[in-house]
Amino acid sequence: MSIETEEFGVTKSGDQVTRYILTNHNGMKVAFLDLGAVVQSIMVTDKEGKLEDVVLGYDTVAGYEVNVPSFGAPVGRCANRISDGKFVLNGKTYTLDQNDDTNCLHGGYKRYNHCMYQVECIPGEISDSIAFSRLSPDGEQGFPGNLSLTITYTWNDANELMIEYQAICDEDTVLNLTNHSYFNIGPGGHAGENVLKQEVKIAADQYNPIGDKRLPTGEFVPVAGTMMDFTDFHPIGDHIGADDPEAGTLSGYDHNYVLKEHQPGEVIKAAAIRDPRNGRVLEVYTDMPGVQFYIAKELVEAGGKEGVTYGNYGGACFESQNFPNGINQEQFPAPVLQAGVEYESTTVYRFSIEE
């Protein structure tokens, strides 16, 4: 195992950005930036031994300073959507940015991936870790309380990228953390064709339908017999353009899947994506109750890595999370972190090859 560092560039405000590269004994690599604590690249082989980068992103600081799609980004304080950009906590109304129609999406305009982080490198024999930390001050993004946050990435010889979130706040607050990496494990990796031929399986018998403004309606609907069913592997694009009684004409996936019931803190296999053409497999494990499956149906982003322009359906996201708009939906578990209570959560991305 090894940890290397290199200068990546300078922000508009003059901060030097460093790239941290972790390499395991298989020669596979992951890289992160202290700008945003983003996952900047993941280099894994296919069944022919070809090493390719399988996450979308940028080669420049300027790209990550904007990063509208949130490529590789840790998302907080509250991932996903909050209706009308407001919520009530302990009898007080908090007003947030309305950056997605009238919703607050992924924390608003000042996102966690636009901030600089303190870094600790933790080398080991069978795994290396990088811990990114920052203080989100009271009132940042409109949320209450001073939140101390640490995101620890660990890369090991099993080709597993583990993400551990730890946080504590001095007031009751809303907290829903996730990672927003866009994966393309097909031939060519991030620079390849869209993900519609890749096959997905999700460990969920129910999902939350969405209505106006992509907000969940609050219902729990069985996936069986619908176009939302990924209980067995099938190509992502199988049902695109088809009519579904719940989803209408299906143009893409941007839905929360309700994972099978598990104990608090128990890490379960939530989803997997594979590409039979090159044998790559990505499995997703989490202790969260839901996973947002998103396939970027409206993605048009120029200036990607290697000069690539990322297009519609250019990547697949598996965002482990509490349910969207949970603070405003009585039917959903409320994503409230109480003052002085330590928050911990884990997500694992495991890469392998299927012959």
Side-chain angles (χ1 to χ4, degrees), residues 1-8 16-46 49-55 57 64 71-76 112-113 115-135 148-168 177-181 183 185 189-190 264-272 280-288 318-320 342-353:
M1 302 293 296
S2 69
I3 302 176
E4 302 172 84
T5 62
E6 62 184 24
E7 293 184 355
F8 191 75
Q16 174 65 55
V17 178
T18 301
R19 185 173 185 250
Y20 299 83
I21 306 158
L22 280 59
T23 305
N24 66 18
H25 289 105
N26 305 316
M28 302 195 201
K29 305 181 180 187
V30 295
F32 313 94
L33 303 180
D34 52 6
L35 169 59
V38 296
V39 179
Q40 195 269 332
S41 71
I42 301 177
M43 303 287 294
V44 292
T45 57
D46 65 8
K50 188 173 184 180
L51 191 68
E52 291 176 316
D53 187 354
V54 296
V55 289
Y64 284 104
F71 291 148
V75 181
Y112 279 12
N113 56 286
C115 303
M116 294 296 297
Y117 286 72
Q118 296 180 322
V119 182
E120 180 185 3
C121 296
I122 310 166
E125 292 186 6
I126 59 172
S127 67
D128 288 330
S129 299
I130 304 283
F132 294 94
S133 301
R134 69 177 296 265
L135 174 68
S148 296
L149 170 67
T150 298
I151 303 164
T152 302
Y153 296 104
T154 299
W155 181 237
N156 64 24
D157 284 339
N159 304 325
E160 295 171 330
L161 175 58
M162 180 166 63
I163 308 174
E164 297 172 286
Y165 303 95
Q166 296 174 303
I168 192 166
L177 301 171
T178 193
N179 182 273
H180 209 289
S181 289
F183 296 97
I185 63 169
H190 80 97
E266 179 186 3
V267 176
I268 66 165
K269 185 175 178 178
R280 282 198 192 104
V281 179
L282 164 61
E283 297 169 300
V284 182
Y285 296 78
T286 186
D287 55 6
M288 298 302 285
F318 299 89
E319 305 162 53
S320 53
E342 293 187 9
Y343 173 95
E344 293 183 345
S345 180
T346 300
T347 294
V348 179
Y349 299 124
R350 176 184 292 169
F351 296 90
S352 60
I353 296 171

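What you see is a predicted model; the values in this text were computed from it and never measured.
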Less than 4.5 Å apart, side chain to side chain, heavy atoms only: is that true for [X] and [Y]?
| X | Y | answer |
| --- | --- | --- |
| Arg280 | Val44 | yes |
| Leu22 | Phe32 | yes |
| Tyr64 | Asn113 | no |

Set of ring-ring contact (aromatic ring centres under 6.0 Å, His included) partners for His180, sequence neighbours left out: His106, Tyr182
Residues which pass ring-ring contact (aromatic ring centres under 6.0 Å, His included) with Tyr285, listed by chain and number, not counting sequence neighbours: none
Side chain to side chain contact (heavy atoms under 4.5 Å, CB included) involving Thr5 - partner list, sequence neighbours excluded: Thr18, Tyr20
Partner set under side chain to side chain contact (heavy atoms under 4.5 Å, CB included) for Ala167, not counting sequence neighbours: Leu147, Leu149, Leu175, Tyr343
If every non-hydrogen atom of [X] is compared with every non-hydrogen atom of [Y], which pair is closest and at what distance?
| X | Y | value |
| --- | --- | --- |
| Pro74 | Tyr117 | CG-OH, 4.4 Å |
| Ala73 | Val38 | CA-CG1, 4.0 Å |
| Met162 | Val348 | CG-CG2, 3.9 Å |
| Glu52 | Gly189 | OE1-N, 3.7 Å |
| Phe132 | Leu33 | CE2-O, 3.5 Å |
| Gly57 | Phe71 | CA-CD1, 3.8 Å |

Under the side chain to side chain donor-acceptor pair (under 3.5 Å) rule, collect the residues that match up with [X], sequence neighbours excluded.
| X | value |
| --- | --- |
| Asn179 | Ser181 |
| Glu342 | none |
| Thr152 | none |
| Ser41 | Arg19 |

Donor-acceptor contacts under 3.5 Å from residues 118-131 side chains, at least two apart:
residue	atom	partner	partner atom	Å
Asp128	OD1	Gly124	N	2.8
Asp128	OD2	Ser2	N	3.0
Ser129	OG	Thr154	OG1	2.6

From [atom1] ([X]) to [atom2] ([Y]), nearest 0.5 Å:
| X | Y | atom1 | atom2 | result |
| --- | --- | --- | --- | --- |
| Gln16 | Phe8 | CD | CZ | 11.0 Å |
| Tyr112 | Leu177 | OH | CG | 7.0 Å |
| Thr286 | Lys269 | OG1 | NZ | 14.5 Å |
| Glu344 | Asp287 | CD | CG | 9.5 Å |
| Thr45 | Leu51 | OG1 | CG | 6.5 Å |
| Phe183 | Phe351 | CZ | CZ | 5.0 Å |

For Glu160, all residues meeting salt bridge (Lys or Arg N to Asp or Glu O under 4.0 Å), sequence neighbours excluded: Arg350
Set of salt bridge (Lys or Arg N to Asp or Glu O under 4.0 Å) partners for Asp34, sequence neighbours left out: none
Residue pair Ile42, Tyr349: steps toward the side-chain contact (heavy atoms from CB on, under 4.5 Å) verdict: CA-CA 11 Å; Ile42 301 177; Tyr349 299 124; 5.6 Å; no
Qualifying side chain to side chain donor-acceptor pair (under 3.5 Å) pairs, either residue in residues 22-31, two or more places apart: Asn24-Asn159, His25-Asp157, Asn26-Asn159
Other residues, nucleotides, ligands: >12 heavy atoms within 6.0 Å of Glu7 CD: no
